[in-house]
Amino acid sequence: MADSWVIMVTAQTPTNIAVIKYWGKRDEKLILPVNDSISVTLDPAHLCTTTTVAVSPSFAQDRMWLNGKEISLSGGRYQNCLREIRARACDVEDKERGIKISKKDWEKLHVHIASYNNFPTAAGLASSAAGFACLVFALAKLMNAKEDNSELSAIARQGSGSACRSLFGGFVKWKMGKVEDGSDSLAVQVVDEKHWDDLVIIIAVVSSRQKETSSTTGMRETVETSLLLQHRAKEIVPKRIVQMEESIKNRNFASFAHLTCADSNQFHAVCMDTCPPIFYMNDTSHRIISCVEKWNRSVGTPQVAYTFDAGPNAVLIAHNRKAAAQLLQKLLFYFPPNSDTELNSYVLGDKSILKDAG
Ligand code: DP6
């Protein structure tokens with residue numbers, strides 16, 4: 001093989017937001033969770049990662065750049081994903097350019113990876129979810145791996161747990177699985193993105209600063225110290241998963257909103273039950289919850305659901321565009337631009353109504 005050629009593949013993967021949360025691992029190395037989780041995948045036009053992977057005989061080692069800055073690939077999570085995809089690589093041929101890569105060649109060839117997020121990294125906006133899903137998908141395409149998206153999700157999972165759910169659009173369930181090697185801990189689509197397309201997702205960015213306790217560290221401490229987590233994983237989540245799937249399939253917003261808010265609140269309660277306690281939400285997050293709860297109660301039927309991941313930013317899911325427009329009005333009224341509690345920006349999972357509140 002002459003060593004002047006490069007083959008590249010680019011992929012784009014949206015992030016996902018859990019409505020029944022994953023929090024806690026039963027196996028840290030394989031990233032196996034203590035409970036099933038369900039998420040909604042956002043519109044790729046908004047929060048997404050774009051990753052280009054390239055292979056060339058002239059590359060001396062695997063290298064990666066994240067948002068333009070080189071990062072180390074020595075961490076186990078990247079190595080796991082690279083190893084698992086390499087093990088599934090197949091022959092690749094570019095007839096036009098006379099390039100042939102055999103299954104065996106992939107063991108010697110190195111890759112370069114360039115990845116960009118169009119949203120703040122590690123600010124509780126699930127950047128690792130989109131990142132690892134995109135990396136695994138792009139590598140699989142480059143190396144001509146034949147696995148389907150569920151099988152790829154079990155590899156993305158080994159990069160970051162929540163990443164396995166970003167291999168599908170719509171609503172997605174991550175089945176915790178039973179077997180020790182983790183091969184049945186993977187994502188399946190509950191419904192596709194067209195099933196419930198009048199929902200509008202708004203992210204109120206309370207702060208885009210890096211979070212103090214990473215999800216990985218936070219959930220490790222929770223597993224070690226919280227009794228509430230054990231009750232949640234064994235008694236509460238299995239029932240909620242069944243109810244949530246039903247609500248989604250029937251497009252029952254009242255039940256969906258109730259379960260989403262309750263699960264977010266229980267996840268943050270479990271964080272508080274950790275020793276030492278972990279606080280991801282701040283005063284502004286709490287005020288957003290009160291505002292939504294008050295509004296939902298005043299109209300009788302829920303118009304908006306809220307959920308918060310490992311950070312203070314609110315993910316608000318409105319029943320339809322009318323509810324979304326009303327919600328934005330309320331947010332602008334209660335958290336006005338140029339005030340202490342200004343929300344930096346709103347991003348819509350559906351279509352952009354308003355990008356910068358300031
Ligand atoms: C609160 O997937 O980021 O967003 O598996 O350690 O990489 P690791 O954690 P990560 O945790 C996400 C936690 C969450 C809830 C969720 O997305 O289900």
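Numbering starts at 1 and runs along the sequence shown. All ligand and atom numbering here is 1-based and tracks the order in the structure.
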Which donor-acceptor pairs under 3.5 Å do the side chains of residues 167-180 make with protein atoms, sequence neighbours left out?
from	atom 1	to	atom 2	distance (Å)
K173	NZ	E245	OE2	2.9
W174	NE1	S185	OG	3.0

Ligand 1 versus [X], non-hydrogen atoms closer than 4.0 Å: side chain, backbone, both, neither?
| X | value |
| --- | --- |
| I31 | side chain |
| S215 | side chain |
| S162 | both |

Inset, instruction - Could you tell me if any non-hydrogen atom of S37 lies under 4.0 Å from any atom of ligand 1? - result: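 S37: no contact with ligand 1 (<4.0 Å).
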Inset, instruction - Take every heavy atom of W174, measure it against each atom of ligand 1, and state whether any distance is under 4.0 Å. - result: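 In this structure, W174 fails to qualify as a contact of ligand 1 - no heavy atom is under 4.0 Å.
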Inset, instruction - Take atom NE2 of H112 as the centre, draw a 6.0 Å sphere, and report whether it contains more than 12 heavy atoms from other residues, nucleotides or ligands. - result: yes
Legend entry - Atom NZ of K104: over 12 foreign heavy atoms under 6.0 Å: no
Under 3.5 Å donor-acceptor pairs involving side-chain atoms of residues 233-240, not counting sequence neighbours:
from	atom 1	to	atom 2	distance (Å)
K239	NZ	E235	O	3.3
R240	NH1	D263	OD1	2.9
R240	NH1	Q266	OE1	3.4

With heavy-atom distances below 4.5 Å as the criterion, would you say the side chains of [X] and [Y] are in contact?
| X | Y | value |
| --- | --- | --- |
| Y78 | I71 | yes |
| N149 | Q189 | no |
| I7 | M143 | no |

Short list, please: which atoms of ligand 1 are under 4.0 Å from a heavy atom of [X]?
| X | answer |
| --- | --- |
| S128 | 3 (O) |
| K25 | 5 (O), 6 (O), 8 (P) |
| A18 | 16 (C), 17 (O), 18 (O) |
| R77 | 6 (O), 7 (O), 8 (P) |

Inset, instruction - Determine, considering heavy atoms only, which of R220, M219, R165 sits nearest to atom 16 (C) of ligand 1. - result: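 Of the listed residues, R165 has the closest heavy atom.
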Legend entry - Heavy-atom nearest option to atom 13 (C) of ligand 1, drawn from F267, Y22, Y280, F132: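 Ranked by closest heavy atom to atom 13 (C) of ligand 1, first place is Y22.
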Legend entry - ligand 1 to N16 polar contact by distance, N or O atoms, under 3.5 Å: no
Inset, instruction - May I ask you to check whether G161 has an N/O atom sitting below 3.5 Å from an N/O atom of ligand 1? - result: yes
Inset, instruction - List the steps, then state whether side-chain hydrogen bond (donor to acceptor under 3.5 Å, both in side chains) holds for T217 with S214. - result: CA-CA 5 Å; T217 310; S214 75; 2.9 Å; yes
Inset, instruction - Decide side-chain hydrogen bond (donor to acceptor under 3.5 Å, both in side chains) for Y306 and N265; before the verdict, give the C-alpha distance in whole Å, the side-chain angles of both, and the deciding distance to 0.1 Å. - result: CA-CA 9 Å; Y306 56 81; N265 291 335; 2.9 Å; yes
